[in-house]
Visitor: 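Structure incoming, see below.
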Amino acid sequence: AQSVTQLDSQVPVFEEAPVELRCNYSSSVSVYLFWYVQYPNQGLQLLLKYLSGSTLVESINGFEAEFNKSQTSFHLRKPSVHISDTAEYFCAVSAGQGAQKLVFGQGTRLTINP
Amino acid sequence: DTAVSQTPKYLVTQMGNDKSIKCEQNLGHDTMYWYKQDSKKFLKIMFSYNNKELIINETVPNRFSPKSPDKAHLNLHINSLELGDSAVYFCASSSRASGRLADTQYFGPGTRLTVL
């Protein structure tokens with residue numbers, strides 16, 4: 001079975017500061033990794049994903065995440081955050097051939113202070 | 001041009017009642033899901049349907065019954081509602097096209113169910 005651990009439940013940072021949201025997973029088979037973002041009172045939106053190939057993946061709004069197989073991690077980073085990045089961020093994994101079930105971490109609340 | 005839509009957005013009801021939540025997707029996907037998000041924001045899959053066939057059923061009480069009349073719809077019916085059913089329910093869809101390594105799931109806006 002797969003599991004995901006997001007090490008920080010809350011991360012407060014100042015605007016324009018860098019941020020890293022940590023995600024570790026466990027799985028006995030090959031995995032596919034996702035970061036979703038949930039803005040207040042909204043549904044989940046896909047931020048970025050790793051399926052195969054380059055271990056560094058990027059989103060259109062400046063976030064990036066790196067798949068590290070040896071450390072079983074998929075940490076999310078942004079070099080300079082904006083107030084509008086305030087949201088809940090969820091790391092998720094699906095595993096195995098034809099994987100369909102997403103297993104989510106507990107979420108990290110990112111709060112940007114001016 | 002909403003991709004995955006859910007109705008209603010909010011649902012407040014009494015214990016013991018029966019209620020339904022509807023989900024529709026216009027993405028042409030063949031797989032749909034229901035997830036439950038509890039008060040601590042934890043998300044857990046409940047069901048998944050592929051081409052109207054149930055393929056994932058995660059130890060959910062049988063008071064919950066999903067119904068998929070066609071590939072674009074997946075409704076969730078809940079009998080004898082209990083206080084613990086209060087949560088946000090998310091519908092999602094994906095395309096299980098052959099050759100894909102994994103399917104990106106697209107989520108609806110959620111339905112906040114409050115059982116009094």
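Since the model is a prediction, treat every value here as computed from it, not as a measurement. In what follows, chains carry the letters A, B, and so on, assigned in the order in which the sequence lines appear, proteins first and then strands, with residues in each chain numbered from 1. Values reported hereafter were calculated over all heavy atoms of this structure, with side chains retained and with hydrogens, waters and symmetry mates removed.
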Visitor: side-chain contact (heavy atoms from CB on, under 4.5 Å), that's the test. Do A:Ser73 and A:Arg22 meet it? Break it down for me.
Guide: CA-CA 8 Å; A:Ser73 68; A:Arg22 296 179 292 170; over 6 Å; no
Visitor: Heavy-atom distances under 4.5 Å only: say whether B:Gln6 touches chain A with side chain, backbone, both or neither.
Guide: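 Looking at B:Gln6, nothing touches chain A.
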Visitor: Quick one: disulfide bond (SG atoms under 2.5 Å apart) pairs with a partner in residues 3-67 of chain A, sequence neighbours left out?
Guide: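 Applying disulfide bond (SG atoms under 2.5 Å apart) to every pair that reaches into residues 3-67 of chain A, excluding sequence neighbours, yields A:Cys23-A:Cys91.
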Visitor: Classify the side-chain pair B:Ser20/B:His77 by whether it contains a donor and acceptor separated by less than 3.5 Å.
Guide: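 Yes, a side-chain donor-acceptor pair sits under 3.5 Å.
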Visitor: Between A:Asn68 and A:Ser70, do the side chains contain a donor N or O and an acceptor N or O under 3.5 Å apart?
Guide: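 Yes, A:Asn68 and A:Ser70 have a side-chain donor paired with an acceptor closer than 3.5 Å.
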Visitor: So what's closer than 4.5 Å to chain B heavy atoms on A:Leu46: side chain, backbone, both or neither?
Guide: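 The side chain, not the backbone.
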Visitor: Which word best sums up how the rings of A:Phe90 and A:Phe104 line up, parallel for under 30°, tilted for 30 to 60°, or perpendicular for over 60°?
Guide: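 Perpendicular, since the angle between the ring planes exceeds 60°.
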Visitor: Using heavy-atom distances under 4.5 Å, tell me whether B:Lys44 contacts chain A through its side chain, its backbone, both, or neither.
Guide: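 No part of it gets close to chain A.
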Visitor: Of the backbone (N, CA, C, O) and the side chain (C-beta and beyond), which part of A:Glu88 lies under 4.5 Å from a heavy atom of chain B, both, or neither?
Guide: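 Just the side chain, heavy atoms under 4.5 Å.
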Visitor: Tell me, for B:Leu43 versus chain A, whether the close heavy atoms (under 4.5 Å) come from the side chain, the backbone, both or neither.
Guide: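 Both parts, heavy atoms under 4.5 Å.
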Visitor: Taking side chain as everything from C-beta outward and backbone as N, CA, C, O, which of these in A:Gln38 sits under 4.5 Å from a heavy atom of chain B? Side chain, backbone, both or neither.
Guide: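 For A:Gln38, the contact with chain B is made by the side chain alone.
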